[in-house]
Amino acid sequence: GLAMSREWDRAIAIEERVHAARPLDAEVAAALAKMHHDGSRNTQRAIALYHAALHASSGYPAALLGLGAIMQESGRMEIAARYFDRAARENPGEPLFRMRLADVLVRSGREAEAEPILREIVQRWPDTPEAESARNLLPRIALAKP
């Protein structure tokens, strides 16, 4: 409870000082954004910091992932899908972003768009946790079809 939130506050205060000293360091900005999102639940500050990370380093994966996650949590699936799609396009060798995109599409009732992405994940990265998730989602998509 309180002790944990005090720890978050202390950690965030330290990281805020690092960010102030290195405002154009995408890694610092994204790490601080994640701390605000996970720790203080200060979503507005997290969003601003993720944007600062993207400004410092265009297409910074952790920032796109974080923004997508925040949008997904707040039910803004269309925007979440755009962030995950951009992350997937900018990081073609990484299945995580495609899986997050497919997940948002399925949750939005866009199974037809998700299906080819899920099949690609299973084919290209068969032994990853993402492929396992994709294999679990595919049968549910088939059942959802009219």
Side-chain angles (χ1 to χ4, degrees), residues 1-9 11-12 15-16 18-19 22-146:
L2 193 61
M4 188 64 207
S5 69
R6 258 197 224 113
E7 289 305 308
W8 273 118
D9 291 346
I12 286 170
E15 195 72 10
E16 283 282 7
V18 176
H19 174 63
R22 290 161 46 196
L24 293 178
D25 187 322
E27 197 175 338
V28 170
L32 180 55
K34 187 163 174 40
M35 291 167 83
H36 273 293
H37 182 221
D38 296 347
S40 66
R41 308 304 298 165
N42 185 345
T43 307
Q44 288 318 112
R45 181 73 180 132
I47 289 170
L49 285 158
Y50 280 134
H51 282 293
L54 287 177
H55 181 74
S57 175
S58 179
Y60 192 70
L64 293 171
L65 198 61
L67 286 164
I70 290 171
M71 294 305 144
Q72 184 174 355
E73 282 166 21
S74 62
R76 291 146 85 184
M77 297 300 192
E78 183 62 43
I79 300 171
R82 287 206 292 269
Y83 281 121
F84 293 141
D85 180 56
R86 181 175 165 198
R89 279 185 284 115
E90 299 207 15
N91 302 276
E94 172 54 69
L96 172 66
F97 306 111
R98 278 184 173 70
M99 189 60 226
R100 294 296 301 266
L101 172 59
D103 185 51
V104 167
L105 292 173
V106 170
R107 289 171 192 264
S108 310
R110 295 161 68 184
E111 286 91 352
E113 289 172 70
E115 188 173 8
I117 299 168
L118 292 167
R119 295 197 184 285
E120 181 195 12
I121 292 167
V122 171
Q123 284 169 344
R124 284 184 63 189
W125 299 281
D127 301 322
T128 60
E130 290 80 13
E132 183 67 23
S133 300
R135 280 191 286 272
N136 289 333
L137 263 184
L138 279 164
R140 280 187 260 163
I141 289 180
L143 290 172
K145 284 182 182 166

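Residue numbers count from 1 along this sequence.
Annotation: the span from Glu113 atom CD to Leu105 atom CG amounts to 5.5 Å, rounded to 0.5 Å. For the atom pair Leu64 CG and Arg82 CZ, the distance stands at 13.0 Å (nearest 0.5 Å). The OH atom of Tyr60 sits 7.5 Å away from atom CG of Asp25, with the distance rounded to the nearest 0.5 Å. Atom CH2 of Trp125 is separated from atom CD of Glu120 by 5.0 Å, given to the nearest 0.5 angstrom. Phe97 CZ to Ile121 CD1: the interatomic distance, rounded to the nearest 0.5 Å, is 12.0 Å. We find the CD-CG distance between Glu16 and Asp9 to be 11.0 Å, quoted to the nearest 0.5 Å.
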Apply the test salt bridge (charged side-chain N to carboxylate O under 4.0 Å, His left out) to residues Arg110 and Glu78: give CA-CA distance (whole Å), side-chain angles for both, the deciding distance (0.1 Å), then the verdict.
CA-CA 11 Å; Arg110 295 161 68 184; Glu78 183 62 43; 3.3 Å; yes
Step by step, would you call Trp8 with Asp38 a side-chain contact (heavy atoms from CB on, under 4.5 Å)?
CA-CA 9 Å; Trp8 273 118; Asp38 296 347; 4.1 Å; yes
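His55 NE2: 12 or fewer foreign heavy atoms inside a 6.0 Å radius.
Using modelled atom types, one side-chain atom of Arg98 and one backbone atom of Pro92 make a donor-acceptor pair closer than 3.5 Å. In terms of modelled atom types and a separation under 3.5 Å, the side chain of Asn42 and the main chain of Arg45 share a donor-acceptor contact. At least one donor-acceptor pair under 3.5 Å links the side chain of Arg135 to the backbone N or O of Pro126.
Of all heavy-atom pairs between Met71 and Ile79, the closest is CG-CG2, 3.6 Å. Residues Ser57 and Ala26 approach most closely at CB-CB, 3.6 Å, considering heavy atoms. The two atoms that bring Leu101 and Ala81 nearest to each other are CD1-O, 3.4 Å, heavy atoms only. The minimum heavy-atom distance linking Gln72 with Phe84 is given by the pair OE1-CE1, 3.6 Å. Across every non-hydrogen atom of Arg100 and Ala69, the tightest pair is NH2-CB, 3.7 Å.
With a 4.5 Å cut-off on side-chain heavy atoms, Arg124 and Glu130 do not count as touching. Here the side chains of Leu118 and Met99 are in contact, with some heavy-atom distance below 4.5 Å. Annotation: side chain of Glu115 is in contact with side chain of Leu138 (closest heavy-atom distance under 4.5 Å). Taking the side chain as every heavy atom from C-beta outward, Leu54 and Arg86 approach each other to under 4.5 Å. Side-chain contact between Leu49 and His37: absent, with no pair of heavy atoms (C-beta onward) separated by less than 4.5 Å. The side-chain heavy atoms of Val122 and Arg119, taken from C-beta on, include no pair separated by under 4.5 Å. Proximity of Ile70 to Arg76: side-chain heavy atoms (C-beta onward) are nowhere separated by under 4.5 Å.
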